[in-house]
Every structure is written in C-alpha cells, then in structure tokens.
Amino acid sequence: MRKIVATVALLCCIVSAKGQIAGVEMFYNTPGSEAQSNTSTQYKKNCFGLDLGIGAVEDSDGKYMDIGFRYLHNFSPYIGWDVFTLKTLVAIDALNGDDFSEDALLPQLMSGIRAYTPTFAKSMSVFASFKAGYGYIMSMEKGGGCYEFEVGLHLTRTLFLGYAYNFQGASMEVDTYNSKGRVSGSESIKIKNKYSAFRLGFNF
C-alpha cells in the first residue's frame, strides 16, 4: 500500500510540473474563445457522480462489485469536497442466484476530499480522494467506521478510471468457554473488511 501511495505522489508531482497551470479543464465552463484569460474561466462548482467498481475482498472467495452515488462541491480547480457518497458493496455470486437478500449488501455513507493535478494532454488529469464515514455489514448485523482511498485518471470531463481501496470496520461479542465447555464470559472480536477494486466513474 505504501508503494502505491508513493508512486501516485511521484506521478502527481511530475504531472503538476508539466501540466497546464490554467487548471483542471474538466471542471471549467469556458465562455467565448480559448484566448480568454483564466480570470474569465468559470469552473463547475457542483456536480453529481456515479461510481462503478469490480474487485475482491481480502480473505474472501468470489468477486464483488460496488456502486455509489455522490455529490461533489469544488472549492477550486485543484481541490473539492465529496459532500456525501452513498454506496454499497455487493457479492456478485449473490446476483446470479435466486437467494439474493439484503445479507449480500454492505451499505456505506461517507464524506471526504478530492484533489486534482493541472491538466495535460488537453483535458486529462490525475486525481486522488479520501473519504470516511459509517458502514453496516448486513450479513453480521454489525456496523462501524469505514474509509476509502482512491486514485485515478480523468480521461474526459465526465469520465474517469481509477483504483479504490475500501476498509470497513466493526466489532462483535462472542462467547468464551471454560474447560468444561460452559460459557464463561465474552470477548470482542474486530471485523476488518478490506476491498480493492478497479473503478469506472462519471461526473454529471
């Protein structure tokens, strides 16, 4: 994980040095001709987004997918606030059978920040985001804190590809037994759900 973060940070520095200082074009609505100055260029401050991902959960068999809906507010061409992200993780195997139930879902509600590099190759830009919030593991009926780290590349002003790492935590009480097989007490067990996925996203 540290190698991934270091690689992305280096890439962001290189792109920033070579990118257009004019800012992130995908969040700009430029009136008039291209010859206008940056001061007459207005970036899109608010937009909605849809995220679709496919990946795997650590120490778990089968494939998983995630789908999320978010609302984004940009403070500037380089930094934005994911005001809210409502998403859920779904076991793909459950979609293929007749026994699909709410136990196959892991809903999450998060908020966080999003950062962009200056543009390069006309309208492309590297981005990174971090968000945190609360999630609920349906199959265990337990909830807890969650967070997500995402890096990727905007291909157009509305389309991006990325990698996401999602962590869902929770805890549950289980009985402990003595040498005679009788319940002697209880202990708390930490639940750590780690999901990694490739993601396709849209901004509207």
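- Contacts of Q108 classified as side chain to side chain donor-acceptor pair (under 3.5 Å), with partners at least two apart in sequence or in another chain: N166, Q168.
- In terms of the ring pair (Phe, Tyr, Trp, His ring centres under 6.0 Å) criterion, residue partners of Y71 (sequence neighbours excluded) are, by chain and number, F48.
- Residues passing the salt bridge (Lys or Arg N to Asp or Glu O under 4.0 Å) test with D51 are R70, sequence neighbours excluded.
- Among all heavy-atom pairs drawn from Y195 and G55, the shortest one is OH-N, 3.6 Å.
- Rounded to the nearest 0.5 Å, atoms CD1 (I191) and OG (S171) are 7.0 Å apart.
- The backbone N or O of V126 lies less than 3.5 Å from a partner atom in the side chain of T117, making a donor-acceptor pair.
- Considering all non-hydrogen atoms of both residues, V90 and L105 come closest at CG2-CD2, 3.6 Å.
- Partners of L159 by side chain to side chain contact (heavy atoms under 4.5 Å, CB included), not counting sequence neighbours, listed by chain and number: L155, T156, L200, F202.
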message: Using side chain to side chain contact (heavy atoms under 4.5 Å, CB included), reason through L72 and N46 one step at a time and then give a plain yes or no.
response: CA-CA 6 Å; L72 170 67; N46 302 286; over 6 Å; no
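- From R199, atom CZ reaches atom OG of S196 across 10.5 Å, with rounding to the nearest 0.5 Å.
- Among residues two or more places apart in sequence or in another chain, the side chain to side chain contact (heavy atoms under 4.5 Å, CB included) test is passed with I113 by none.
- Y134 is linked by a side chain to side chain donor-acceptor pair (under 3.5 Å) to nothing, counting only residues two or more places apart in sequence or in another chain.
- Take K63 and apply the side chain to side chain contact (heavy atoms under 4.5 Å, CB included) test, not counting sequence neighbours, and it matches I92.
- Atoms CZ and CZ, on F69 and F84 in that order, are 5.5 Å from each other to the nearest 0.5 Å.
- In this structure the side chain of F204 reaches within 4.5 angstrom of the side chain of L50, judged on heavy atoms.
- The list of salt bridge (Lys or Arg N to Asp or Glu O under 4.0 Å) pairs with a residue in residues 77-87, not counting sequence neighbours, reads D66-K87, D82-R114, D82-K131, K87-E148.
- Of all non-hydrogen atoms in I79 and A115, the two that sit nearest each other are CD1-CB, 4.1 Å.
- Closest approach of C146 and G135 over heavy atoms only: SG-N, 3.8 Å.
- Applying the ring-ring contact (aromatic ring centres under 6.0 Å, His included) test between F160 and each of Y116, F127, F198 identifies F127 as the sole match.
- The side chain to side chain donor-acceptor pair (under 3.5 Å) check on Y136 picks up nothing, with sequence neighbours excluded.
- Nearest heavy atom pair, residue P118 against residue S125, reads O-OG, 4.2 Å.
- S111 contributes a side-chain N or O that, together with a main-chain N or O of V83, makes up a donor-acceptor pair within less than 3.5 Å.
- Residues that satisfy the side chain to side chain donor-acceptor pair (under 3.5 Å) test with S60, not counting sequence neighbours, are Y64.
- Contact check for F167 versus F149: no side-chain heavy atoms found under the 4.5 Å cut-off.
- Nearest heavy-atom pair, G133 versus M110, reported as atom, atom and distance to 0.1 Å: N-CG, 3.7 Å.
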- prompt: Going through the distances and angles, do H154 and N203 end up as a side chain to side chain contact (heavy atoms under 4.5 Å, CB included)?
  reply: CA-CA 10 Å; H154 275 280; N203 289 318; 3.3 Å; yes
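- Inter-residue side-chain proximity for L52 and I67 is flagged as met; some heavy-atom pair is nearer than 4.5 Å.
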